[in-house]
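Here the structure comes first, spelled out in structure tokens, and everything after it is commentary.
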Amino acid sequence: MIQTYNELIIAFALHVGMDADALAATQEIVIEGLSVGLLYDGDESIGDIVYFTQLGTPAPHRIASVYKTMLEANNLWIGTGGSTLGIQADSGCVVLCGRLDVVGVTAESLALLLDAFTDTALFWQKVVTDTLPDAAISLPPADYLLRG
């Protein structure tokens with residue numbers, strides 16, 4: 001049984017075929033072209049796994065529309081898979097992030113979680129960078145994700 005976050009990261013790396021030392025050092029994995037960062041927020045007895053990725057910066061003429069869509073999605077996590085959309089104060093870059101209690105997480109369940117998180121992030125990256133077809137953006141994000 002995995003006892004610590006570091007043990008989980010090593011088991012996860014082995015499960016997905018990564019170099020465990022490299023993942024432990026960088027706390028970053030690239031999935032479908034997205035760099036997903038990992039962070040442990042806690043101590044030896046209790047804590048959360050934080051996972052996050054940058055999605056890009058909206059074009060100036062789209063900022064209001066993208067921010068409004070993000071706020072609507074953050075309300076009850078519609079189309080975010082339970083993650084939260086935010087904006088980095090210094091750059092204006094949109095970030096998708098989530099947290100998970102480390103208790104009970106396995107290498108396999110972390111791999112599944114990050115796979116689903118990546119699917120959600122790829123959708124929102126298209127929204128942010130204006131590469132989503134106009135017809136799809138008018139759909140609720142969750143509906144679009146279900147349709148693929």
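We number each residue from 1, following the sequence as shown. Nothing here was measured: the structure is a model prediction, and the numbers come from that model.
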Closest non-hydrogen atom pair between [X] and [Y], with its separation:
X   : Y   : value
F52 : L39 : CE2-CB, 4.1 Å
S83 : L96 : CB-CD1, 3.6 Å
A20 : I10 : CB-CG2, 4.0 Å

Rounded to the nearest 0.5 Å, what separation is found between the [atom1] atom of [X] and the [atom2] atom of [Y]?
X    : Y    : atom1 : atom2 : value
D21  : I9   : CG    : CD1   : 12.5 Å
L113 : L100 : CG    : CG    : 6.0 Å
E32  : T118 : CD    : OG1   : 6.0 Å
D115 : D119 : CG    : CG    : 5.5 Å

Give the cluster check for [X] versus [Y]: same hydrophobic cluster or not, with ILVMFWY residues linked at side-chain heavy-atom distances below 4.5 Å.
X   : Y    : result
L55 : V127 : yes
V95 : Y40  : no
F12 : I31  : yes
I29 : I49  : yes
L8  : V16  : yes

Could you check if a side-chain atom of [X] sits within less than 4.5 angstrom of a side-chain atom of [Y], using non-hydrogen atoms only?
X    : Y   : result
M70  : I87 : yes
T57  : Q88 : no
T106 : H15 : no
W124 : V66 : no

Backbone N/O of [Y] and side chain of [X]: donor-acceptor pair under 3.5 Å:
X    : Y    : value
T26  : A22  : yes
D101 : V103 : yes
S65  : R62  : no
N74  : L85  : yes

Check the pair Q125, T131 against side-chain contact (heavy atoms from CB on, under 4.5 Å), reporting the backbone distance first and the verdict last. CA-CA 8 Å; Q125 185 179 52; T131 57; over 6 Å; no
How are the rings of F117 and Y51 set to each other: parallel, tilted or perpendicular (split at 30° and 60°)?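 Because their plane-to-plane angle is over 60°, the rings of F117 and Y51 count as perpendicular.
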Please indicate whether L71 has more than 12 foreign heavy atoms, meaning atoms of other residues, nucleotides or ligands, lying under 6.0 Å from its CG.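 Check passes, neighbour count above 12.
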Who passes side-chain hydrogen bond (donor to acceptor under 3.5 Å, both in side chains) against D19, sequence neighbours left out?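 Residues passing side-chain hydrogen bond (donor to acceptor under 3.5 Å, both in side chains) with D19: none at all.
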